[in-house]
Student: 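Attaching a single structure in structure tokens format; questions to follow.
Residue indices begin at 1 and follow the sequence shown. The figures that follow rest on heavy atoms only: side chains count, while hydrogens, waters and symmetry mates do not.
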Amino acid sequence: MWRLKCEVAYDGTEFSGWQIQPNGRTVQGVIEAALQNMHKGRQVRVSASGRTDAGVHARGQIFHFDSELNIPEEGWLKALNALLPGDTVIQKVQKVDSAFHARFDVVKKEYRYRVLYTRDIDIFRQRYTHHIPYELNQAGMAEAAEVLVGEHDFSSFCAANTDVKNKIRTLENLNIIHKGDEIVFRLVGNGFLYQMVRIIVGTLIEVGRGKRPAKDVSRILAEKDRTQAGPTAPGKGLVLWKVTYDSRD
């Protein structure tokens, strides 16, 4: 039996998220269908570093699965990509120790959220950016972002419909990068709660629009109450950029 670690990129637009659902097209579903084809009808389950929601994209999602098929890594790569739809691409396949786990061995993750900062919508980027046709106070957003860096209880920045009890996470970096007519929010941390990135971005955008002062973010953290934070930004602007398993990276 072999354990395979895979890196996959996908356009989340036409997916109902990562996790298999009874009545939705999912990333896990199309990958497992391809593996079932390769295993002559036998079901093969995959385990990912974490779930992504409907409309959320990935550049470097990681998953693993076990197989008795002794196929070279390059062979797995070619075979899977031949069976997968065009919005899902396996980028790397690596044989790893059987103790490796795509979810439990994660050291940190990086997410990026893209905002298109223009008057008009760009139809060629609307699947991958959240359009904001308003003036934004960039200094205010940067000031608010600094408050969120470090170890905190992020209960206020977690969707209410979650059964996770421990909401303490460490946000290593929260950078706001300006690239032409786009603003990219880059977040790196040891773990992220359900919709945490999108709620943080939605809150920072409210600061940028002058709907709340930058200093309000400290109060929101202290309240530990989802209703105190801003709206959840749309999924289409979010990309799971990188998953790290080695603390030296």
Side-chain angles (χ1 to χ4, degrees), residues 1-112 127-128 159 161-164 190-195 197 235-247 249:
M1 188 70 72
W2 304 91
R3 176 154 294 189
L4 287 304
K5 172 188 175 186
C6 303
E7 180 182 296
V8 60
Y10 47 87
D11 177 339
T13 307
E14 304 300 330
F15 286 111
S16 298
W18 167 271
Q19 189 176 26
I20 280 185
Q21 301 175 21
N23 299 306
R25 179 176 184 261
T26 67
V27 184
Q28 182 182 4
V30 300
I31 292 172
E32 289 188 358
L35 286 169
Q36 186 170 347
N37 187 314
M38 291 184 67
H39 289 79
K40 299 181 179 180
R42 184 174 67 80
Q43 189 176 61
V44 177
R45 287 295 189 195
V46 303
S47 297
S49 70
R51 306 171 188 174
T52 51
D53 289 338
V56 175
H57 317 288
R59 176 183 178 271
Q61 170 71 288
I62 302 294
F63 68 90
H64 81 261
F65 65 93
D66 296 325
S67 174
E68 73 279 5
L69 301 181
N70 188 11
I71 300 173
E73 294 167 347
E74 187 63 27
W76 277 110
L77 189 69
K78 291 179 179 179
L80 284 170
N81 281 328
L83 293 168
L84 287 169
D87 53 3
T88 309
V89 178
I90 305 296
Q91 301 181 121
K92 295 178 184 177
V93 178
Q94 178 185 1
K95 291 180 178 178
V96 293
D97 188 274
S98 61
F100 171 81
H101 198 285
R103 178 184 173 190
F104 300 127
D105 292 347
V106 172
V107 172
K108 61 184 175 183
K109 290 183 179 180
E110 177 179 341
Y111 284 92
R112 296 190 185 187
R127 290 163 65 104
Y128 312 109
N161 56 331
T162 179
D163 56 2
V164 175
N190 67 348
F192 291 86
L193 300 166
Y194 183 40
Q195 297 185 349
V197 174
K236 64 180 182 177
L238 183 60
V239 179
L240 172 54
W241 195 260
K242 183 180 180 181
V243 183
T244 300
Y245 292 92
D246 188 331
S247 59
D249 293 342

Student: Closest heavy-atom contact between I90 and L77?
Tutor: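 Closest approach of I90 to L77: O-CD1, 3.2 Å.
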Student: One pair to check against side chain to side chain contact (heavy atoms under 4.5 Å, CB included): I62 and K5. What are the steps and the verdict?
Tutor: CA-CA 7 Å; I62 302 294; K5 172 188 175 186; 3.9 Å; yes
Student: Just verifying a value: how many Å separate C6 SG and H64 NE2, rounded to the nearest 0.5 Å?
Tutor: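 If we round to the nearest 0.5 Å, C6:SG and H64:NE2 are 10.0 Å apart.
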Student: Does L35 reach the side chain of L80, with side-chain heavy atoms less than 4.5 Å apart?
Tutor: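 A side-chain contact exists here, since the closest heavy-atom pair is under 4.5 Å.
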Student: Do D105 and F100 touch side chain to side chain, with heavy atoms closer than 4.5 Å?
Tutor: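 In contact.
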Student: Please determine whether side chain to side chain contact (heavy atoms under 4.5 Å, CB included) holds for the pair W76 and S67, giving the CA-CA distance in whole Å, both sets of side-chain angles, and the decisive distance to 0.1 Å.
Tutor: CA-CA 11 Å; W76 277 110; S67 174; 3.6 Å; yes
Student: Where is the tightest heavy-atom contact between V243 and G60, given as atom of each residue plus distance?
Tutor: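 Residues V243 and G60, closest heavy atoms: CG2-O, 3.5 Å.
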Student: Rounded at 0.5 Å granularity, tell me how far CD in Q19 sits from OG1 in T52.
Tutor: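 Q19 CD to T52 OG1: 10.5 Å, rounded to 0.5 Å.
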Student: For atom NZ of K95, decide whether the heavy atoms of other residues, nucleotides or ligands shown that lie under 6.0 angstrom number more than 12.
Tutor: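 More than 12 heavy atoms, drawn from other residues, nucleotides or ligands, come within 6.0 Å of this atom.
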Student: Evaluate the criterion side chain to side chain contact (heavy atoms under 4.5 Å, CB included) for residue pair V89 and N81; output intermediate values, then yes/no.
Tutor: CA-CA 6 Å; V89 178; N81 281 328; 3.9 Å; yes
Student: D87 versus R25: any side-chain heavy-atom pair under 4.5 Å?
Tutor: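 Yes, at least one pair of side-chain atoms sits under 4.5 Å.
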Student: Taking the side chain as C-beta and beyond, is there a heavy-atom pair between V44 and M38 under 4.5 Å?
Tutor: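 They are not in side-chain contact.
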Student: Between L69 and W2, is any pair of side-chain heavy atoms under 4.5 Å apart?
Tutor: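 Answer no - side chains too far apart.
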Student: Could you check whether the rings of F63 and W18 sit parallel, tilted or perpendicular, using 30° and 60° as the cut-offs?
Tutor: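 Taking W18 first and then F63, their aromatic rings sit tilted (interplane angle of 30° to 60°).
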Student: State, with a plain yes or no, whether a side-chain heavy atom of M1 is found less than 4.5 Å away from one of S98.
Tutor: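 No, side chains not in contact.
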Student: First locate atom CZ of R45, then atom CD of E32, and finally report the distance between them rounded to the nearest 0.5 Å.
Tutor: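 Nearest 0.5 Å value for the CZ-CD distance: 4.5 Å.
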Student: Are more than 12 heavy atoms, taken from residues, nucleotides or ligands other than R51, located less than 6.0 Å from that residue's CZ atom?
Tutor: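 Counting neighbours around CZ of R51, 12 or fewer heavy atoms of other residues, nucleotides or ligands fall under 6.0 Å, so no.
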Student: Where do A48 and A102 come nearest, in terms of heavy atoms and distance?
Tutor: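 A48 and A102 have their closest heavy atoms at C-CB, 3.9 Å.
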Student: Keeping the roles fixed (side chain from Q36, backbone from R42), state whether a donor-acceptor pair exists under 3.5 Å.
Tutor: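 Such a contact is absent between Q36 side chain and R42 backbone.
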Student: Quick check: are there more than 12 heavy atoms from other residues, nucleotides or ligands sitting under 6.0 Å from CZ of R103?
Tutor: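 For R103, atom CZ is not crowded (no more than 12 foreign heavy atoms under 6.0 Å).
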Student: Inspect the contact between E14 and R127 and indicate whether a charged nitrogen and a carboxylate oxygen are less than 4.0 angstrom apart.
Tutor: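 Salt bridge between R127 and E14, a charged N being under 4.0 Å from a carboxylate O: yes.
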Student: Where do F65 and V46 come nearest, in terms of heavy atoms and distance?
Tutor: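 Of all heavy-atom pairs spanning F65 and V46, the closest is CB-CG1, 3.9 Å.
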Student: What's the shortest heavy-atom distance between A99 and R3, and which atoms?
Tutor: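 Between these two residues, the closest heavy atoms are C-NH1, 4.4 Å.
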Student: Between S49 and V106, which heavy-atom pair has the shortest distance, and what is it?
Tutor: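 Heavy atoms only, the tightest pair is CB-CG2, 4.0 Å.
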Student: Mind checking whether D246 and V107 have side chains closer than 4.5 Å, heavy atoms only?
Tutor: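 A side-chain contact is absent here, since even the closest heavy-atom pair is not under 4.5 Å.
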Student: Check the angle between the aromatic planes of F15 and Y10 and answer parallel, tilted or perpendicular using the 30° and 60° thresholds.
Tutor: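 The rings of F15 and Y10 stand perpendicular, inter-plane angle above 60°.
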Student: Salt bridge between K108 and E110, side-chain N to carboxylate O under 4.0 Å?
Tutor: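 Here K108 does not pair with E110 in a salt bridge, since their nearest N and O are not under 4.0 Å apart.
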Student: Quick check: does any side chain N or O of H57 sit under 3.5 Å from a backbone N or O of D11, one acting as donor and the other as acceptor?
Tutor: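 The answer is no, because no donor-acceptor pair under 3.5 Å joins these two groups.
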Student: Taking Q61 for its side chain and V8 for its backbone only, find out whether a donor-acceptor pair lies under 3.5 Å.
Tutor: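 Such a contact is absent between Q61 side chain and V8 backbone.
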Student: Evaluate side chain to side chain contact (heavy atoms under 4.5 Å, CB included) for L193 paired with T162, printing each intermediate quantity in order.
Tutor: CA-CA 9 Å; L193 300 166; T162 179; over 6 Å; no
